[in-house]
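Taking it in order: structure first as structure tokens, then the write-up.
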Amino acid sequence: MDPTAHSEFYKYTTPLITPLSFDPATSTHIPFRATPHHTHRTWARTYTSHPELYLQPASLPELRLIIHLARQTRKTLTLTGSSHSPSTITQTTSWLINLDNFSRVVSADPTDTTITVEAGIRLHQLLKELDALGWTMRNLGSITEQSVAGAIATGTHGSSLRHGLLSDSVVEITIMLANGELVTCSKDKNTELFRAALVSLGALGVVTHVKFQAVKAFDLRWTQKVVDWTEFVENWDNADWHHHEFARCWWFPYSGKAVVWYADKTEEPRTGRPASWYAEGWRRWGYEAALYVATWFPSLVPVVERWVFRMQYGKLLAGEVVGAVEKSDEALTMDCLFSQLVNEWAIPLHHGPAALRRLTAWLTHDLKSANIPISPSNIFVHAPIEVRVSNTCPTDPTTSAFETPRPFLDQSIVPSALLSPSSLSTSTTAEGGATEKTVSSPAGSESPTLYLNATLYRPFHRNPPHWQRYYTAFELLMKEYGGKPHWAKNCVSVGREEWAGMYGEGMRRWREVRRGVDPEGVFVGEWLSGCVLGEEKEVQ
Ligand SMILES: Cc1cc2nc3c(=O)[nH]c(=O)nc-3n(C[C@H](O)[C@H](O)[C@H](O)COP(=O)(O)OP(=O)(O)OC[C@H]3O[C@@H](n4cnc5c(N)ncnc54)[C@H](O)[C@@H]3O)c2cc1C
């Protein structure tokens, strides 16, 4: 053993690192790939932190060394993939682990179209590997920049009434726990751990490998059309997501329109993608610059949004049908433009019209119809507000059985009491006379999930004014419809008790599994202890 091995890190790890890193089998010291003074930013630069150490292990022994050191020196470990979660979920002043060095394909099995990958691999890398095998992923969200582990950890979803979360395709997960043990879980093995790991929030340990169910590669014919917003809401029960495998809607409040996008599998020859107005550098810059100016003069936002809508979707407005035939991953993903705050909530699909009518009313200052006790004064929102769906109904409604085990923390699963058409009853609270509404619904029936995503751009990384007031009003509305926020996004008004209440038994079981695998709280970073777990934090 070299008595000075890794001594440059004693300041952070104590001299314990020297004996702990010694590997008697090879008579060498396991590398410790750590960077002090690292600045960690989310992709959108919404938050920045300065972890004491930024760690990028390149092997399982290296990862185990980090975990042992953290446990013994009482540091917390937070994980990050591609840092695409815009909230503080990956921010820490303690140690931050990134698995970019874990990005290989381990094996692929043609007999059942499954692939096992290291968990740091980005979705776009995985798709490339799958493509070489003639396979692809069943469903995708808007982008493929995320790491596999990160996408699973927060419940990433796409938009389809025939598919659920991306993690619905996960067959097996391997995690390195706080004691350094490597454990594999699946629907048949360590099932409770598997259900906890399907949305883990990085709180169970380090996900090192994921086995996915892939599907044969397919192409999609997609079509885009502009519809009148009011008509879209009126025709809710006949919306395109009922008729096509994939469908989503972007609402442009200041144009009174929505762009509906839908896609189905096809074997037609591929075509080129129609030109996008703001794909070009200077136009994109122009849009961002205009929004930047509008951060000082917010009433300019509707003018800017109407202008960009006309430029981007002019052909559709003129009645032209725009579409293409593309590889599935190219068709399903989209250009998300620049830095943004996003606040996405899941509510039962059938509450869509009521919720959207009230939000429309609030944005147009019709306060009586909106019935949201927060002033919309001086609030101008960016477009689009995304309207997406997901299949969260049981495969067998008679037994409420799902094809795959459900994550304990699946934000898209709605409590059964809120699952069917509802009536709203209004009452007045004792304090301040604010109006409080509750949704009353017959229990037991099932509903798909509707996701409403209130995007606010941050032109040149500057927050728009009053964004927290907008989000607070939006969240009040979503809560009335039994909503749950996306784990990774920028909700502003949900405290620990409220998170726990939204998940009830699911949260209780998730916490039980978590405590079982990490009793000392090694993986309880600042976001987890502040927002979700509270008193469970045991180490500094
Ligand atoms: C432009 C944009 C578009 C998006 N589109 C969608 C969309 O269409 N649908 C949707 O649902 N979401 C969407 N998201 C959100 C995104 O999918 C999630 O934030 C996702 O978690 C990001 O993955 P990541 O690799 O960047 O993970 P990070 O943001 O770095 O981390 C997210 C979580 O993963 C955990 N984690 C990371 N690595 C590991 C590991 N090895 N082991 C255990 N835990 C780990 C972290 O601890 C953290 O809790 C979008 C985000 C952006 C910025």
Side-chain angles (χ1 to χ4, degrees), residues 40-47 55-57 63 67 76-92 96-103 117-126 139-160 164-167 173-177 196-210 246 248 332-346 386 388-390 409-412 449 451 453 455 457-458 485-490 518 523-528 531-532:
H40 171 61
R41 292 191 180 90
T42 60
W43 167 83
R45 297 195 173 208
T46 37
Y47 295 99
L55 300 133
Q56 292 192 294
L63 181 59
I67 293 176
T76 58
L77 293 175
T78 298
L79 291 136
T80 189
S82 71
S83 310
H84 268 61
S85 301
S87 71
T88 54
I89 193 168
T90 61
Q91 303 303 313
T92 181
L96 182 65
I97 302 182
N98 167 263
L99 288 199
D100 276 2
N101 293 323
F102 278 70
S103 59
V117 291
E118 292 180 332
I121 194 170
R122 302 289 162 92
L123 288 175
H124 60 85
Q125 291 174 294
L126 168 61
N139 184 20
L140 283 174
S142 306
I143 55 163
T144 56
E145 302 305 317
Q146 307 97 317
S147 68
V148 157
I152 297 169
T154 61
T156 299
H157 62 86
S159 190
S160 166
L165 300 180
L166 260 58
S167 65
I173 297 179
T174 304
I175 312 178
M176 191 175 282
L177 303 177
L198 283 173
V199 173
S200 77
L201 309 177
L204 306 175
V206 182
V207 172
T208 58
H209 296 85
V210 178
F246 301 94
R248 58 197 177 211
L332 290 170
T333 49
M334 58 185 263
D335 179 359
C336 292
L337 293 172
F338 27 82
S339 174
Q340 53 201 259
L341 293 159
V342 277
N343 194 356
E344 182 170 53
W345 284 62
E386 274 185 296
R388 296 190 282 179
V389 293
S390 183
L409 299 186
D410 183 351
Q411 86 265 14
S412 61
T449 294
Y451 299 102
N453 193 17
T455 303
Y457 293 114
R458 302 178 63 248
H486 194 299
W487 282 108
K489 301 194 177 179
N490 301 103
D518 180 22
F523 290 97
V524 182
E526 283 138 56
W527 177 85
L528 266 165
C531 296
V532 185

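On a predicted model such as this, the values are computed, not experimentally measured, just so you know. In listed order, ligands and their atoms are each counted from 1.
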Do ligand 1 and [X] have nitrogen or oxygen atoms that lie under 3.5 Å from each other?
X: S85; value: yes
X: Q340; value: no
X: T90; value: no
X: A153; value: no
X: W43; value: no
X: V207; value: yes
X: G81; value: yes
X: S200; value: no

**Report entry** From CA spacing to verdict: side chain to side chain contact (heavy atoms under 4.5 Å, CB included), R388, E344
**Finding:** CA-CA 10 Å; R388 296 190 282 179; E344 182 170 53; 3.1 Å; yes
Considering non-hydrogen atoms only, spot the tightest contact between [X] and [Y] and give its length.
X: L332; Y: R248; answer: O-NH1, 2.7 Å
X: F523; Y: G202; answer: CB-O, 3.9 Å
X: G81; Y: S147; answer: CA-OG, 3.5 Å
X: W527; Y: T88; answer: CD1-OG1, 3.2 Å

About how many Å separate [atom2] of [Y] and [atom1] of [X], when rounded to the nearest 0.5 Å?
X: L126; Y: T144; atom1: CG; atom2: OG1; answer: 10.0 Å
X: T154; Y: L165; atom1: OG1; atom2: CG; answer: 9.5 Å
X: I143; Y: L123; atom1: CD1; atom2: CG; answer: 8.5 Å

Treating [X] as the side-chain partner and [Y] as the backbone partner, does any N or O pair qualify as donor plus acceptor under 3.5 Å?
X: T42; Y: R45; result: yes
X: N490; Y: V342; result: yes
X: S142; Y: T333; result: no

In the protein, which heavy atom is nearest to [atom], and how far is it?
atom: atom 27 (O) of ligand 1; result: G150 CA, 3.5 Å
atom: atom 16 (C) of ligand 1; result: Q146 NE2, 3.8 Å
atom: atom 46 (C) of ligand 1; result: L79 O, 3.1 Å
atom: atom 44 (N) of ligand 1; result: G202 CA, 3.4 Å
atom: atom 40 (C) of ligand 1; result: A149 CB, 3.4 Å
atom: atom 6 (C) of ligand 1; result: K489 NZ, 4.1 Å
atom: atom 50 (C) of ligand 1; result: I143 CD1, 4.1 Å
atom: atom 53 (C) of ligand 1; result: H84 O, 3.2 Å

Requested in this report: Could you check T90, T92, T78 and say which one makes a side-chain hydrogen bond (donor to acceptor under 3.5 Å, both in side chains) with H40?
Outcome: T90
Query raised in the report: What part of R388, side chain, backbone, both or neither, has a heavy atom within less than 4.0 angstrom of ligand 1?
Result: side chain
Query raised in the report: Using a heavy-atom cut-off of under 4.0 Å, does the side chain or the backbone of A151 touch ligand 1, or both, or neither?
Result: backbone
List ligand 1 atoms under 4.0 Å from [X], heavy atoms only on the residue side.
X: T156; value: 9 (N), 10 (C), 11 (O), 12 (N), 16 (C), 17 (O), 18 (C), 20 (C)
X: S142; value: 5 (N), 7 (C), 8 (O)
X: T154; value: 18 (C), 20 (C), 21 (O), 32 (C), 33 (C)
X: I89; value: 49 (O)
X: A488; value: 18 (C), 19 (O)
X: G141; value: 8 (O)

**Report entry** Derivation and outcome, side chain to side chain contact (heavy atoms under 4.5 Å, CB included), residues T208 and E118
**Finding:** CA-CA 6 Å; T208 58; E118 292 180 332; over 6 Å; no
Report task. May I have the step-by-step check of side chain to side chain contact (heavy atoms under 4.5 Å, CB included) for Y451 and S390, ending in yes or no? Result -> CA-CA 8 Å; Y451 299 102; S390 183; 3.2 Å; yes
Requested in this report: Output, in order, the C-alpha distance, side-chain angles, deciding distance and verdict of side chain to side chain donor-acceptor pair (under 3.5 Å) for N101 and Q56.
Outcome: CA-CA 7 Å; N101 293 323; Q56 292 192 294; 5.1 Å; no
Requested in this report: Look at ligand 1 and say whether G120 reaches it with a heavy atom at a distance under 4.0 Å.
Outcome: no
Query raised in the report: Non-hydrogen atoms of S83 versus ligand 1: any pair closer than 4.0 Å?
Result: yes
Query raised in the report: Does the side chain to side chain contact (heavy atoms under 4.5 Å, CB included) test come out yes or no for W487 and T156, once each step is laid out?
Result: CA-CA 9 Å; W487 282 108; T156 299; over 6 Å; no
Query raised in the report: Which option out of H157, E344, H486 puts a heavy atom nearest to atom 9 (N) of ligand 1?
Result: H157
